[in-house]
Structure formats: structure tokens, C-alpha cells
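Have a look at the structure below before the remarks.
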Amino acid sequence: MDKKSLLFIVMVCMGAVLFFSYAAEVRADDKVNLTGFIENQTALRMENGTNDAYQLSRMRNTLQVEVAASITDWMKFNTTVRGYFDAAYELDHTISDIPKHASSVPEGRHNEKLYGDRNMEQEVDLREYYLRIFNASSTLKIGRQQIVWGEADLFRMSDIINPLDMSAGGIFVQDLENVRIPLRAVDFVYEVPGQHHFKIELVAIPEDFRTTTLAAPGANWDPTWGTGWGLGFPPVSFFQAMWQTQARQLREIQENDLKNFQGGMRLRGRIGDWDASLFYYYSRVQDAVMTANTSFNPLPIILGGPFTVGNFPMKFHWPWVQNIGGTFNIPVPGGFILRGEGAYTIDQPFAQDPLVNELFKTIPIPVSMFGAPSARYGESDVLAFFIGFDRPTMITFLNPTQSFFISGQLYQKYILNFDDRFNSTGMGENGRSKHQTNATLLINTEYFDGKIAPEVVGAYDPGASSGLVKATLTYKPTYRINIALGGIWLFAQKDSAALTGAFRKNDEVSLILKYTF
Amino acid sequence: MLKRLFLSGVLVILLALMHQSSWAEGTGLPKAPNWAFGAEIPIYKEMGVTYKGPVNGPNPAVENAKILNSWGYKARPIEEIKDLLPEEFYEVLKDPKKWGDFRINEIAGIPIPVKGNAYEKYLEYTEKYKGKCTLDAKGHLQNYIGGQPFPGKDAENDAMKLMWNREKRYYADDTQSPYLISNIEASGFTRNNLGDHLVMTLGNRLEVDPKPLYLPNPTGIDNILSFPYIAPYNVAGTIVVTYRYYDPDKDDDMWMYIPAMRRVRRMSTAQRQDRLPGGMNFLYDTNEGFQGKLERWKWKLVGTKVMLSPCNGTTQAQIDLKGHMTGVDNRYYRTKMYIIEGTPDKAVTVSKIRLYLDSEHFQIVYSVNYDIKGRPWFFQYYGYGPDGKWIFQPHNMFSLDLQRNYSTRAIFVSISNNEGFKPQDFSMEALRQKYQQR
């Protein structure tokens, strides 16, 4: 980066701070409220993987501005604009440059006219913009937004409306709020007056279909690293072509507009001590399922040519699924809040191994060396549920005045009509299991008048022998400044292992400086 | 004719102007350089709000009351009133270098006018239901509908009955009071929070229909309390709603909308002796003197004593910008104070609390929290005052950590009462409409 660019960025940041520090005073009478934050996330890799140990994992500088405006007594407008610049690529020339100007894949945002070509280095995004229209009993929310259902933390059974952006570590190192990809949606909530708080919620996403966003090939947190390309085979061009092919096929679907209608309904209410909900949601899957491309011609590859979008051995599909489920929470003796959630997914798609006769019939043998899937994906119903608890607990010898917030979860997932050919269930040590168990534990507290806030999070999948431990120590000298020192250790025996396998070579320590206004 | 009309108009305007009341300019004594009152308090502007005070206006009887005597800053020595204050408060006032400048101004007691306000209803209910309330074996109040449950000598020597009288004191049916709360360190470094505070009671209702009980009330709610946080960003949009039930065995039910999760989460209320998060000098149970369930504490009447009570205090926010306290130039009157000690069923962070209960208004005006080793820990001060319609609220509050030079203080932006809240106004959906930041 030249000096002029650096000077420009510094001036913009300083100007923004000064402007928004002043603008914070504009809150009078709540007509317009300008808030947001400036953040620097600097993380250092702790092991060799996509890049080497002790290289920068990221040095992401983010400016987020949020505007909440009351237009009338019954109408409000909210918007969130976020821009980031990851200085790691400029500061550390030894790290992989491949993804620097490459789009994260598949495209989380596809309005290139508005946003330009997003990449791993920098981006400006009008993340959220929505109008809220309400009366005493109902709220209508229209615009690009996040819609969050459910009781579980991290496990996504009913919190499935917004896809996730996993390109910068995703849920492992970022707040979920900043990881969900907002969608253009209509969300209507009607609450029946009364003490049972019965609510009917209708969600419609008429045309905005987006998928999970992953890190670009070669970037830190690239999940395909574990498939072997880091060893040189398949070649980098394979993965670049793979993502480009996926992006093109995704765009073809996205251009169908209203044919991508997704939507659902939730009923929620309190009966006695029980707070419960039932939901139904109809959507496309957010993670592509692969099949073999029967028109793939391997000859150019055999002759040493690259994989291309026009000649790639796989196809990508985002079939429709239906999710039916429910949630509950209830206080139970001992000061616990018990939380639970379950979802039954109808027709979850899975890539599957090709049948021998299918292979010979449609695809030349060498393609199978790449682990090519069948020309057809399989489907099965899936049942997932969790039960968890929250409990503030005084442990006076560790903290004499403030409780520890302890939250635990146990998660189970089953493929009900499992077929041995399913080759990417994402469960178990080899990613082919029909069953998954996960346990999580979160503990945090406050010391020194709330200025020091330690937190530890652990997750473990015994079936996959994988998991993570994350520890953060946050110093809050004021209510506006946060300085968080943290680290995450991801472990798994194999790259294919569930939960953390694909990301296991991304252990890092991080320092996050955040100023809010 | 026109002349008469003009003169009549002028007369009406003059009468209206004369009827308007405002906060007193002062007590006639000099103001400390670091004191700031009402709209001149700079933190309001820093947090982006305008100070308004009580919607019903100040109370002229309090604001114009004759100052009989003053002690403290530029007044008579504080030692003269040692016996009229809690010992811990006296020690604080003796050390202005540590805690800041403070003055106590004595006025005569001001009786609440009976006619024409909600207090008339309170007295009517007290009389109507006199002798009907009892306490069960657990100490829970039975057969209560409205008014003071144990009037007259019925409660004189019974700490539990006195505490129930305090619990069901003359108060607003509902209140909305956006507030500024600050944590102040020994160095003077301050952290400020801006929030709103909404409360509605479903029993002992005096002004807003339905009264005295809000019916239907199928789940047996005693009161509903909400704290929507407004600033700074870290907490903005967080909305807390707590339901307190009549059933003494039923824990409070707490719900929280957490913007960072974009989700409403049910929270456990198991740890009532936990400090409020963010470094607040209040415990869940000892906020406003006592905010727990009476049946879960043991109560003892230590004695009665004539003391100075800030229960007829000013409704104007007053702070010492370089000190730790609020209500720094407040008004006090001499009254009998019930001194009551409470010990929790299970001591976790506090071994006991000592409450100073104003015998006329049944408000806790001072309290001392003792740590687990029995040492004085927090000294809390609640400067109540009547607004223009004789509704009492604490307008100046602070809690000092006596073991360190650290404090939490609260003042209000505005206070409105008896606006006619309904339980559905406290549904998370309704509150999110109003306060949701994102």
C-alpha cells in the first residue's frame, strides 16, 4: 500500500470517529440515532496450514455505522453499513497472496454493480436496511435483515434463515451477529394481547437466496485446504475452478428470482412456566451438494491443462428442504434455565458415492480418482435436537461478588434413512457417519468492577474426536473501549472430521481493539 | 368589552405563570464549584439527552420550603447531626476529600394533602381493608388488595409487617423514568450508562383503572419491571423484563433481548446476591434498599430513632461532578426511622443489610450492605421527593463502596407516573418496537 492510500484510510477513520463522536449527541428525542464501532482484529497463526505458523491470520480493520431513525411513531428505519480492510496481505508478504483479490466463495453478495468485486482484502457492504412498521400488537419488518429463531447457541436447527459468512473464521472467532448474512425479507409478527404472549410470525424471502460463504482458496480458514491441495494435488486451479463453477451455478439459480421463494412460520407462546415455539421453514439448503458432471471431458486435464469453469467434473445443487421443529425453555429447580430445540428436516440432500456401473457408464475412470460423486445426490430425513442449561453460579473462592454464567449444551443429529453411499454427511471422524453428538460449555464472569471479563468456551464431538477450546480475556477500561486478548485451539484427528476437521489448522491468538460510538 | 377581554387574558396568563412551579434557586447558601443541578449537568448532553425532570413538575411545597438549618458544605459542622444520620453516612460526610462536598438542609415535615390525589385512594383502601391482611407461616402476605396492609400499631414491633408496609407503600401505579447511571472510581474516572426504567404494579393500584387490582391476572403477577438500555453501544438495545409473582415460592421470571444474539433469552434469577453487571454497586436483591422476596430473608427490628430523612427531598437531579454523590444539596426532615436488619436465608455475598425506613412514607432512604465477613460494604442513599402531583420517587441515588473509594450513582432524565401501562406494553415485541437498536 502506498503512503497516499494509507494516509487516506487514516484520515477517513479519524474523520469517521470525530463525526460519529459528535453524531452520538444527535440522539436527542430519539429521532435519529447514529452508533457503531471501529475495530482492529489482529490474529497470529499458531500452526502451519494454509499459511505458516506465526504469520498474520488477519489484521482486519472494520468500521461499522448503524443508523436507527424514527420516521413516525409507527415507522422506523434501520441500516448498518460495514467496511473492512485486511492489512495482513500488505504487511506480511510471506502469506499466501492467492486469495487477496479473489472473491470469497460462493458469493455471499452478488450485486456486483453496487458492491464491486468483494474480496478477502477489503469490502464495503450495506449489510442491513429495513423498515419497521408497527402498531400495538404487530410488527412488519421489510428489507435486508437478520431473522433469528431458536434457543441453541451455535447449533443451527431453527436459526437457519440467514446463511453464515465463514470467510474470516466465522462462528469460531466472530460474533454470530456479524457472521450471519442478512437477506431481503419480510418478517411479520403478531402478538395476541394477553399474558400468554402468543405470537404468530410469518417470514417470506421472496427472491434473495444466498449460501454459506467460505474463505477463498488459499486464505486462512479455507476449508478445502484439508482436501489436499496444499500438497499440490489437486492443483490450485481445481479449487479455483470449483468455486467459480459453484458461483456461476449459484448465480443461475439466483437469477430465477421469485422461483427462489423461501418462507416459514413460527408460533410461540407461554403456558405455565413453559415458553415454547413451533416452526416450519421451507428453503433451499445453504451448503451445496455435489454430483458428477457427466459431460466433463478429462482429456485436457490429462494433457496437463487446467480445470476450467466450462469443463469441471462436478455440478452443484441447492435443493429444497422443509424444516419442522420446536423449541422450549423453562426454569427448573436449582436455578437452572433448561433450553431445548429440535428440528426434523425432510429430504436433506447428500452427495453420494457413484455406483460402479454408473461410473463406467457416464464418467471415465480417472475422474473417480478425484473422489467424484455420483451423478445423483441422495436424500434422507434428518433429526437434530439439543438440550441445554444456563445457570449463574456463585463460586465465591474464585469471585466473591460476581457469579459465573455457565451454559452447557448437548446436541444430537441422526440421518434417519442412512445410505452407506452418503459420502459427505459432515458427521463423524470421516465425515461419513450417520450420527453426531456434540457437547459445548461456556463459562464467563466479571472482575474489577466489570473491567476484566474472562470467558472460556469448549466444544467436543466424541464421535469425530474433534473440538475446540477458546479463551478470551477482555479488558473494558470504559464502556466504549474493549481490548480482547484471546486464542482458539481447534483439534481433530482428520481433516474430514466433523465440527472442526476442515478448520483444524487455524489455531490462532488474537488481539481485538474495539471502540464503539 | 375588548379592554375587559384583554385584561382577563392578561390575568389568566399571570395566574398561570404564578401557578407554575420550578426548582428552588438554592438554599441561600453558596453552591460548591463542582455541583451541577438539573439541565446544567453535562453528562446529559454527553449522553445525547435533555434533562426534563418529573413530568408533573416539581413540588412547590418542597421547593419553597423554608430551610431551617444547614450542615455540611459552607454550613454548620456535620458533627452536630451525627446522631441524626446512619453512622456510615456520617463517616462519609466527614470526609469530603474522599467522597465530595455535600450539604444537608433541614425543612419541616410536609404532610401529603389528602384531597385530590392518589394518596386519598391509598388512605381509603387502607381503611377499607384494615385488619384483613395476615401473614402465613412463611411470612407471606395473605388477603391483600390495596392500601397499607398493617396500619397503625399493628406493625409497630414486627419487622416483617413493617417490610410489607414498605412493599405496599404509597407509590405510582406505573412509572417510566429514563436514567443516567455512573460508576465512579477513586481517580474520578467515570463510566456512564443511559437506560430507561419502566415499572407497573398489578396490585395496590391507586389512580389508573382497573384498581385496586389489575384484572384479569391469570398468572398472578405482582409487578413488571423493565430496563431497556439506550447507550453506550455495547449495551444499547438490550432489554430486560422481569416479572415478580405473588407466589412466594416462585422465582422472578426474567427475559432479555440481547442485540448481539438478536434473540430473546430467558435468564435465571437464581443468584439474587449477584452484583449487577458492568461494575454496579447494587445487588439484585438490595437495589432500592431491598428488591428481593421478603419471605427469603429474616427480618429484625433493631430499633426506632428520630433521624433526618431525605423523603421530602427535591425532584431535581443534583450531582457533584468531582465527587461520588447525588442529592448534594437536598432537603431533609426529622422523622421516626425504623431500623431493620435483614439476613438472607443463605448468605453468599452479603451477610446482612441494615435498612432505614421512613415511618411516614415507608420508603427506605438509607441502607447498608454488609459483606460476607460482616464488614460494612455498600452505603446506599435514596433521595425521594414528591412531584407536582405528590407521587414519590427516588430522584437522587448513590451507592458507595465503603471499603474502596468507588461508587455508583443514578439520576433521572425525566419521570412520568400513572400513564396507564398495560401488561402487554411489557411484551418483548412491544418493547423492541420502542427500543430496539438493531
Side-chain angles (χ1 to χ4, degrees), chain A residues 24-29 33 35-37 66 68 76 78 80 128 132 134 136-137 139 146-148 150 153 159 175-177 180 189 191 193-195 197 199 273 275 329-331 334-337 339 390-394 396 400-403 446 448-451 476 478-480 482 516-517, chain B residues 45-50 183 185 189 191-194 216-219 221 230-237 250-251 253 255 259-263 265-271 273-275 277-281 283 348-349 371-372 406 422-425 427-430 432-434 436-438:
Chain A
E25 296 178 11
V26 182
R27 196 187 313 104
D29 301 325
N33 194 359
T35 55
F37 62 84
E66 298 169 23
K76 290 187 179 182
N78 289 66
T80 301
E128 293 185 73
R132 283 189 288 150
F134 42 78
S137 305
T139 304
Q146 298 184 37
I147 300 169
V148 184
D153 296 333
D159 181 12
D175 291 338
L176 201 52
E177 181 193 22
R180 284 195 201 93
V189 181
E191 180 160 337
Q195 292 183 21
H197 299 273
K199 279 201 287 194
D273 283 340
D275 173 64
N329 64 65
I330 184 173
F336 292 89
I337 298 291
R339 298 181 284 122
D390 293 344
R391 190 183 194 278
T393 304
M394 293 300 303
T396 48
T401 63
Q402 203 91 45
S403 66
E446 284 183 356
F448 300 103
D449 305 315
K451 288 184 174 179
K476 304 174 185 174
T478 76
Y479 286 147
R480 294 193 182 278
N482 280 7
T516 65
F517 53 83
Chain B
K45 194 182 174 198
E46 286 166 23
M47 299 300 284
V49 290
T50 307
N183 289 323
E185 298 173 15
F189 183 77
R191 293 176 290 166
N192 299 310
N193 254 330
L194 175 68
N217 181 8
T219 48
I221 298 169
I230 297 169
Y233 178 88
N234 280 355
V235 293
K250 190 168 180 176
D251 285 334
D253 204 4
W255 304 80
M261 297 174 78
R262 306 275 179 119
R263 187 187 285 173
R265 188 138 178 174
R266 196 173 201 164
M267 308 300 286
S268 169
T269 54
Q271 298 300 337
Q273 294 173 49
D274 205 0
R275 260 180 94 177
M280 302 292 173
N281 267 1
L283 312 179
V348 181
T349 60
D371 71 8
I372 201 71
Y406 180 86
K422 296 180 175 61
Q424 52 263 39
D425 295 329
S427 78
M428 202 51 94
E429 203 55 41
R432 282 171 64 183
Q433 287 178 357
K434 198 170 178 185
Q436 183 178 324
Q437 181 66 26
R438 61 189 193 278

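Every chain is numbered from 1, with letters handed out A, B, ... down the list of sequences. For clarity, every value in this text was computed on a predicted model and none was experimentally measured.
Using a 4.5 Å cut-off between heavy atoms, B:Lys250 touches chain A through its side chain atoms alone. Residue A:Asp153 touches chain B through both its backbone and its side chain, counting heavy-atom pairs closer than 4.5 Å. Heavy-atom distances place the backbone of B:Asn192, and not its side chain, under 4.5 Å from chain A. With a threshold of 4.5 angstrom between heavy atoms, A:Asp175 does not approach chain B through any atom at all. Only the side chain of B:Ile221 comes within less than 4.5 Å of a heavy atom of chain A; its backbone N, CA, C and O stay farther away. The parts of A:Thr478 that come within reach of chain B are both its backbone and its side chain, each placing non-hydrogen atoms under 4.5 angstrom from that chain. Within the 4.5 angstrom heavy-atom criterion, no atom of B:Asp251 approaches chain A. Of the two parts of A:Pro400, only the backbone, made up of N, CA, C and O, holds a non-hydrogen atom closer than 4.5 Å to a non-hydrogen atom of chain B. Using a 4.5 Å cut-off between heavy atoms, B:Asn281 makes no contact with chain A at all.
Interatomic distance, B:Trp255 CH2 to A:Ile337 CD1, rounded to the nearest 0.5 Å: 7.5 Å. Atoms CE and CG, from B:Met267 and A:Asp390 in turn, are 7.0 Å apart once rounded to the nearest 0.5 Å. We find the CD-CD distance between B:Gln271 and A:Gln402 to be 11.0 Å, quoted to the nearest 0.5 Å.
A:Asp449 pairs with exactly one of B:Met280, B:Arg275, B:Glu185 by the side-chain contact (heavy atoms from CB on, under 4.5 Å) rule, that one being B:Arg275.
The nearest pair of heavy atoms linking A:Phe517 to B:Tyr233 is O-CB, 3.8 Å. B:Asn234 and A:Thr516 get closest at one heavy-atom pair: OD1-CG2, 3.3 Å. Looking at every heavy atom in both residues, A:Glu446 comes nearest to B:Gly279 through OE1-N, 4.0 Å. For A:Gly335 against B:Ser268, the heavy-atom pair with the smallest separation is O-OG, 2.6 Å.
When each of B:Lys422, B:Lys434, B:Arg262 is checked for heavy-atom pairs under 4.5 Å with chain A, B:Arg262 comes out on top. Chain B forms the most heavy-atom pairs under 4.5 Å with one residue out of A:Gly334, A:Gly450, A:Pro392, and that residue is A:Pro392. Between chain A and the options B:Ala236, B:Ala260, B:Pro218, heavy-atom pairs under 4.5 Å are most frequent for B:Ala260. Most heavy-atom pairs under 4.5 Å with chain A: of the set B:Arg432, B:Arg266, B:Met428, this distinction falls to B:Arg266. In terms of non-hydrogen atom pairs under 4.5 Å with chain B, the most contact-rich of A:Thr396, A:Thr393, A:Asp273 is A:Asp273. Between chain A and the options B:Ala270, B:Pro259, B:Gly278, the largest number of non-hydrogen pairs under 4.5 Å is found for B:Gly278. Counting heavy-atom pairs under 4.5 Å between each of B:Pro423, B:Pro216, B:Ser427 and chain A puts B:Ser427 at the top. For the set A:Asp159, A:Thr80, A:Ile147, A:Val189, the entry with the most heavy-atom pairs within less than 4.5 Å of chain B is A:Val189. When each of A:Lys476, A:Lys199, A:Lys451 is checked for heavy-atom pairs under 4.5 Å with chain B, A:Lys451 comes out on top. In terms of heavy-atom pairs under 4.5 angstrom with chain A, the leader among B:Gln424, B:Arg265, B:Glu429 is B:Arg265.
Using a 4.5 Å heavy-atom threshold, the side chains of B:Met261 and A:Leu176 count as separate. Looking at heavy atoms from C-beta onward, B:Val235 lies out of side-chain contact with A:Tyr479 at the 4.5 angstrom threshold.
A donor-acceptor contact shorter than 3.5 Å links the side chain of B:Arg263 to the backbone of A:Gly150.
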